Each structure stands twice: as C-alpha cells, then as structure tokens.
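Values in this document were obtained by computation on a predicted structure and should not be read as measured data. Each chain gets a letter, A, B and so on, in the order its sequence line appears, and its residues count up from 1.
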2 protein chains.
Amino acid sequence: MATARGYHHGDLKAALIRGALAAVETGGPDAVSLRDLAQSLGVSTAAPYRHFPDRRALLAEVAAIGFNDLTAAYARAQAEAADPVAAMRETARAYLTLAFGRPGLFKLMFASDIVDGEAPASLLGPAQAAWEGLFRAVAAAEPGAEPAAIKRRAITGWSTLHGFITLVQGGRLKGFMTEPLTEADLLEAILDKTLREA
Amino acid sequence: MATARGYHHGDLKAALIRGALAAVETGGPDAVSLRDLAQSLGVSTAAPYRHFPDRRALLAEVAAIGFNDLTAAYARAQAEAADPVAAMRETARAYLTLAFGRPGLFKLMFASDIVDGEAPASLLGPAQAAWEGLFRAVAAAEPGAEPAAIKRRAITGWSTLHGFITLVQGGRLKGFMTEPLTEADLLEAILDKTLREA
DNA sequence: CCAGAATGTTGACACAGCTAACATGGGCGC
DNA sequence: GCGCCCATGTTAGCTGTGTCAACATTCTGG
C-alpha cells in the first residue's frame, strides 16, 4: 500500500499519521522516528516536513486521534447505559479501557511535551471534546448540582483515575501490590469510591 | 569549584550528579545532556561514562535524591504535626510542595523511562522508603484498620493527588479552571475529600 | 618505588531532527 | 489542448546527542 508509485506518494500525510499511530501504539511516543517512518513509506527523510512543521506536530495529530476515539467511546458508553449512574461508571471504564488497552497512545495523549508552549487547535479541539464527554456524564449523574460542584467532582474523579493509571503504568506500584490486593481489585474500589457520593 | 585542576577532576561523579540535578530542576529531564554537563565541568564528553554506564543511570541517581528529599519532608511533616490526621494532611502537603516547588525533579521521579526494564537498587530503595513514609501517615490516622484497607486507602489518595498534579502540570486543566474555581481551591477540596472519611 | 587499577582523553560511529536548494509533475487558467 | 505554478518530493548536509574503543595519565597499595 505504500510502494510502487512515482514521484508523488499520493497521500503521504495520512500515511504518516497512520504509521506514527502504529509506532506509538507499539512502543510509545519515543518509538516514533520521522526517518524510520519516511523510509518505511518509501519516501525521503525530508518528505514529512512538507506536511508537518516538526515531529511534535505529527505527534499532536496522532494524539488528537486518541482524544477522538476517547470521545466516541464515551458517547457509546453513555448511550448504552441504563441510568445516569451506570453511564458515569461506563464512562470511567472507557477511560480505563483506552489507558490499559492502548498504553502507548494514552501516554502520548498526556505527554506534556506535545502540548508545551502551545498546542495546535487540531489537538485542543478533540481534547476539549473528550473533557466535555466526561463532564456530561458527571452532570447527568448529579442532577440539580451547581456547575462548579460538578466540575470539582469531575476533576477530582478524573484525577484519581488518571493518577492510578499513571502510577501503575510507571511501575510505581510494583512492589506494593501484594496478595490479595490486585490492581483489578483496586480499580473496582476506586470506581466505587469515585462514583458513590453526594 | 569545577576548574583549575589537572588530569583528574577530583570528584567528577558527585559533580555530575549535582549538575544533572540543577539541569533537571531548571528544565526537566530532557534538559540533561551528558555532553553539556561534561563541558560545563571542564571534562571530556566521554568522562561521564567512567562513572555511569549510561545517561539513565545518572538520571536514576538524581531521581533517588528526589525520593530521599521527599522521605525527609514526610518525616518532618509527621514529626511537627499535632495529631495523626494533621500529620496525614501535612504529609500530603509535602508531596504537593515537592511537585509544585520542583516540577522538573518531580517529573523525573515519575518518568517511566528511567525505570523501564528494571530500576537500579539505588533508586528502588529511596522510592520504597518514600512510599513507606506515606503509608505510615495513613496507618497512623486510621488506627486498628487492617493493612489491606490502609494500603487501599493510601494508594487511592496518592492516586488522586498524583493525578491532579499530573493533569495540572501537563496543562490539561488549562481551559477548565474558570473563575471562581482555582487550582488552589481544588487542591484544598481534594485534600479535604481525600483525608476525611472512615 | 613500581605495577595495576581508576580516571580522563581523543576520535569516531550511528542516529536523530531539521533545513536549503533543487527536481518533478499534476491541475488550473487561458 | 497547453503551459505555467505550486504542492509535493529529493539530495546533501548541518547540528546535536548517546555511546564506545583505544590510548594516556595519575593515584595508591604492596
């Protein structure tokens, strides 16, 4: 699909994003090398720069895909749930599914380097949409609460989930998860605690 | 302090660690370049390799300093607090102080790259000690609870704090902290929520 | 006092991101 | 239908990085 064509590749930009996404999912953000990518697409090492100002811009595009997928997963979870509380739980689970199912992509999405200085709008939009999906779930589960309270609640819950994921994926809980305390148990406990409360 | 001596530097290893620490605190882990470091110490680019097998080993040493400092801060907080609940609160605050006061170092301490594969014992020891300081605070505030419950509680609280810090420092809460909801407010709310409960 | 271990140096390799200058060819205006 | 322009690729090369092998120097213990 990436071979046997002349001077022009045809759709190099999309191919680069696809390739970068694959590399990110396999080995995380650091596994993306523009040179490797170019070579594997049968194109010169300078070609990618016709489509992205620099490496970070390409990675930002990949991260945006991650946020879009996350938003879609949120929407699915909320549509299928029986009631608002279940919807909130499934929304949280969607976050966990992405984090543990596609850790490389997840790491990229929250790699501060990508966003340092200022992030491009093509990333901020999807990131904002994902956040709103999460906010919506919390708001629905807590009818009548004032916006500030909902926001506080959403951010706190998000923090707990995100922190746990980060610590686990960073290997920081390695020595501490002694039987009979497994990561899965803890996750359930965290979900329960995060979701239950006035 | 790093000039005007002959073939042998004197204490290059310590000087490298000091220099790396300074660089990390200024610009985060990525700001550490062995070549820069060597040059600024008036030594050849290969010299660091007489003391560290690779760059990661040097950074691991710096991270270990961070964990040691954290453990010391925990101990201080717990010694000065009036009661166990206050001690726990001050312990959490010590974590926040390090995270927001020395963000570069904090980022290094939790950069999974440093620990990928397997971390050296010189890092695992201090990291473990810090964890135990945190665990001790939770256990003291909750006398008579079984160890698994304490552990669950400690990890959950740690996750919330850590997640919030990570999201803030990653710039992920930029657009969402609208007045009158400030980061400081949220932090207090998180501390309250994390600490209060049976 | 001297041998060998520690510690530094020189010079180089591989690889990465990035850029300038040049080449090609597809599509748009005429 | 034709030619020109610009989007897209290419070549060659710069800088900066981690790392290593081979050699040089100094410190130290027997």
Side-chain angles (χ1 to χ4, degrees), chain A residues 1-20 22-24 26-63 104 108 111 113-117 120, chain B residues 1-20 22-24 26-63 104 108 111 113-117 120:
Chain A
M1 190 194 244
T3 49
R5 63 178 55 70
Y7 201 87
H8 286 89
H9 176 280
D11 199 3
L12 183 55
K13 181 167 188 175
L16 283 168
I17 293 177
R18 269 199 310 274
V24 164
T26 303
D30 295 344
V32 174
S33 148
L34 290 197
R35 297 179 95 103
D36 279 2
L37 227 47
Q39 186 170 13
S40 81
L41 292 173
V43 110
S44 79
T45 63
Y49 291 90
R50 290 291 153 199
H51 300 279
F52 303 96
D54 55 24
R55 190 186 115 104
R56 275 179 46 186
L58 169 56
L59 289 182
E61 214 83 4
V62 175
L108 170 65
D113 321 53
I114 294 310
V115 102
D116 271 355
Chain B
M1 191 193 252
T3 47
R5 64 179 56 69
Y7 202 85
H8 286 91
H9 175 281
D11 199 3
L12 183 55
K13 181 167 188 175
L16 283 168
I17 294 176
R18 269 199 310 273
V24 163
T26 303
D30 296 346
V32 174
S33 149
L34 291 197
R35 298 179 93 102
D36 280 0
L37 228 44
Q39 185 169 16
S40 80
L41 292 173
V43 111
S44 79
T45 63
Y49 290 89
R50 293 289 152 200
H51 300 278
F52 302 96
D54 54 25
R55 189 186 116 103
R56 276 180 46 188
L58 170 57
L59 289 183
E61 215 81 3
V62 174
L108 170 66
D113 321 52
I114 295 310
V115 101
D116 271 355

Undergrad: Could you tell me the separation between the CG atom of A:L37 and the CG atom of A:L58, rounded to the nearest 0.5 Å?
TA: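 Answer for the CG-CG pair, A:L37 versus A:L58, is 6.5 Å.
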Undergrad: Counting just side-chain N and O atoms, does B:T45 come under 4.0 Å of either OP1 or OP2 of C:dT9?
TA: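 No, B:T45 has no side-chain N/O under 4.0 Å of OP1/OP2 on C:dT9.
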Undergrad: Figure out the OH/P separation between A:Y49 and D:dT8, and round it to whole Å.
TA: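 Rounded to the whole Å, the gap is 17 Å.
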Undergrad: Measure the distance from CG on B:D36 to P on D:dT15 and round it to the nearest whole Å.
TA: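 Taking CG of B:D36 and P of D:dT15, I get 16 Å after rounding.
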Undergrad: Expressed as a whole number of angstroms, how long is the span from B:D30:CG to C:dG17:C1'?
TA: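 About 14 Å, once rounded to whole Å.
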Undergrad: Measure from CG on A:L12 to P on C:dG26 and round the result to the nearest Å.
TA: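 Rounded to whole Å, this separation is 16 Å.
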Undergrad: How many whole angstroms separate atom CG of A:D11 from atom P of D:dA7?
TA: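 Whole-Å distance recorded here is 16 Å.
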Undergrad: Minimum heavy-atom separation for B:P29 and B:V24, please, with both atom names.
TA: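 Looks like CA-CG2, 4.3 Å.
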Undergrad: Rounded to whole angstrom units, what separation is found between the CZ atom of B:R50 and the P atom of D:dT25?
TA: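 For the pair B:R50 CZ and D:dT25 P, the rounded distance is 15 Å.
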Undergrad: Can you work out whether B:K13 or A:L34 has the more 5'-proximal nearest nucleotide on DNA chain C?
TA: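 So the residue in question is B:K13.
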Undergrad: What is the distance from atom CZ of B:R50 to atom NZ of B:K13, rounded to the nearest 0.5 Å?
TA: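 B:R50 atom CZ to B:K13 atom NZ measures 14.0 Å (nearest 0.5 Å).
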Undergrad: At under 4.0 Å, does any side-chain N or O of B:R55 touch on OP1 or OP2 of D:dG18?
TA: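 Yes, within the criterion.
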Undergrad: Can you tell me if the side-chain N/O atoms of A:H51 get under 4.0 Å from OP1 or OP2 in D:dG9?
TA: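 Checking A:H51 against D:dG9: at least one side-chain N or O falls below 4.0 Å of OP1 or OP2.
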Undergrad: Under 3.5 Å, is there any donor-acceptor pair linking the side chain of B:R35 to the base of D:dG16?
TA: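 Between D:dG16 and B:R35, which were checked side chain against base, a qualifying N/O pair under 3.5 Å is absent.
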Undergrad: Verify, without hydrogens or angle tests, whether A:R55 (side chain) and A:V32 (backbone) share a donor-acceptor contact under 3.5 angstrom.
TA: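 Here the side-chain-to-backbone pair exists.
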Undergrad: Report the distance from atom CG of A:L58 to atom P of C:dA16, rounded to the nearest whole Å.
TA: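 Checked: the CG to P distance equals 15 Å.
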Undergrad: Sub-3.5 Å donor-acceptor pair from the side chain of A:R35 to the main-chain atoms of A:A46, do we have one?
TA: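 No; zero donor-acceptor contacts below 3.5 Å.
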Undergrad: Classify A:S44 by what it touches in the nucleic acid, base, sugar-phosphate, or nothing, heavy-atom distance under 4.0 Å.
TA: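 Base, at least one base heavy atom under 4.0 Å.
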Undergrad: Between D:dT17 atom C1' and B:L37 atom CG, what is the distance in whole Å?
TA: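 About 13 Å, once rounded to whole Å.
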